[in-house]
Protein chains: 2
Amino acid sequence: MDSHYLKQIQAFYRSHKRMPSYSELMAVVGFRSKNAAYKLVERFVQRDWLDKDAKGRLLPGRLFQDLPVLGTVSAGFPSPADEELTDTMSLDAYLIGNKEATYILKVNGHSMIDAGILPGDMLLVERGADPRDGDIVIAQVDRAWTMKYFRKRGAAVFLEAANKDYQPIHPQEELKIAAVVRAVIRKYH
Amino acid sequence: MDSHYLKQIQAFYRSHKRMPSYSELMAVVGFRSKNAAYKLVERFVQRDWLDKDAKGRLLPGRLFQDLPVLGTVSAGFPSPADEELTDTMSLDAYLIGNKEATYILKVNGHSMIDAGILPGDMLLVERGADPRDGDIVIAQVDRAWTMKYFRKRGAAVFLEAANKDYQPIHPQEELKIAAVVRAVIRKYH
DNA sequence: AGTGTAGGTAAACGTTCGTTCACCGTCAAG
DNA sequence: CTTGACGGTGAACGAACGTTTACCTACACT
């Protein structure tokens, strides 16, 4: 079956971090002829299973970097074999807008628990971005770094904790926004 | 400066989805000699900025796929220029344990809000894994798919909602675990 | 029985690959 | 002033590259 060949190519990509050449592909799938691998690739390219660049080299496409999106939880959980899984997405492309300015930060306290951010969560933050009203930001207030909601009322800006017991922080002079929180990632171990 | 060359290589990798050859690298950084690119790579390999495989091809290493980890929020937010940012991690490698069985699912309701899972969040679920006590699972109970805590008391298993108002579900016969929730991803727009 | 197609082997092609060698400026150290 | 290291140019090497052509089954369809 052809899909078995595809899985072998995907395995090669994961272990070598690059696509195979035709000689390597020939060895991977067990052909004795480089041309057999060439024709296999041409078949896969026509089915949109593989991509080639201008120089004929293989490129990792959707099937190599993306994950299948099944749907929504409450709307049901269809079996992947049942329907066409056309909807896929790449985690990296989805989460990282500006890779140069993106950093990872670990959450330590319970201060943002009302915003659904738990201790141990990972934050994807972007430095140098200017925050909009309602964004969660990493800010420096009175020489201490904290995570707060960024609020803008006209020209006035202030910081608001996720916990409603705390009072909003209206900075006197200096309000240094270090980074804007772009995503929250929680992994269960 | 050498780091400028590195950024150009990283840009090539992001746009072409593969590492450049020496001829391409020569063109990218503006050299007129392929050997200059070769020596540049050798310098970078010695500094652990680049990796080469057994056949001499360039490999994408930490600097191409990973994001820098700055630290924890409450512990401070050090500037990336200040210290050595040796700690990095790859989102894909961190989140995806078994790529063959990993799927993305979108959260629709508020049922798991007590577990820090909000509507609109993305779930990374793994099919076919057997859950441990306390895991969040996608289960089929009475022909409907739901997201619940998986509980195991000795030999007895049952499902528990994140909302404490609901009663635990003790299945009579059939308890089909469709998938185990491995990670929660929330992106702010 | 004859024919066409799909998928394989085998060999050859020009091109590009990674690598090496010889050579040349610039600049800091002895 | 001389020397050596460094970073670049330019040309050449064999090996591997993607691609093409020719040929060979096995099998489905008239």
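We name chains A, B, ... by the order of the sequence lines, and we start the count at 1 in each one.
Contacts of A:Phe31 classified as ring pair (Phe, Tyr, Trp, His ring centres under 6.0 Å), with partners at least two apart in sequence or in another chain: A:Tyr5. For B:Glu100, the salt bridge (charged side-chain N to carboxylate O under 4.0 Å, His left out) partners two or more places apart in sequence, or in a different chain, are A:Arg14. Residues satisfying the ring pair (Phe, Tyr, Trp, His ring centres under 6.0 Å) test with B:His16, not counting sequence neighbours, are B:Phe12. B:Glu24 meets the salt bridge (charged side-chain N to carboxylate O under 4.0 Å, His left out) test with A:Lys55, A:Arg57, B:Arg18; sequence neighbours excluded. Under the rule for a ring pair (Phe, Tyr, Trp, His ring centres under 6.0 Å), A:Phe150 has no partner lying at least two apart in sequence or in another chain. A:Tyr149 is linked by a ring pair (Phe, Tyr, Trp, His ring centres under 6.0 Å) to nothing, counting only residues two or more places apart in sequence or in another chain.
Note on A:Asp133 versus A:Arg153: salt bridge recorded, some NZ/NE/NH1/NH2 to OD/OE distance being below 4.0 Å. Under a 4.0 Å N-O distance rule, the pair A:Arg47/A:Asp2 qualifies as a salt bridge.
For DNA chain D, the outermost nucleotides in 5' to 3' order that have an atom under 4.0 Å from a heavy atom of chain B are D:dG7 to D:dC17. Taking 4.0 Å as the cutoff to heavy atoms of chain B, we find the contact window on DNA chain C bounded by C:dC17 to C:dC21.
Sorted by first and then second residue, the ring-ring contact (aromatic ring centres under 6.0 Å, His included) pairs with a member in residues 40-60 of chain B read B:Phe44-B:Trp49; sequence neighbours excluded.
Annotation: proximity of residues 34-59 of chain A to DNA chain D (heavy atom, distance under 4.0 Å) is found for A:Lys34, A:Asn35, A:Tyr38, A:Lys52, A:Lys55, A:Gly56, numbered in ascending order. Of the residues in residues 4-25 of chain A, those placing a heavy atom less than 4.0 Å from an atom of DNA chain D are A:Ser21, A:Tyr22, A:Ser23, in numerical order.
If you chain together ILVMFWY residues whose side-chain heavy atoms come under 4.5 Å of each other, B:Ile113 ends up grouped with B:Leu118.
Considering A:Asp135, A:Val137, A:Val157 as possible partners of A:Ile177, the one that fulfils the side-chain contact (heavy atoms from CB on, under 4.5 Å) test is A:Val137.
In this structure, B:Lys106 places its NZ atom where only 12 or fewer heavy-atom neighbours from other residues, nucleotides or ligands lie under 6.0 Å away.
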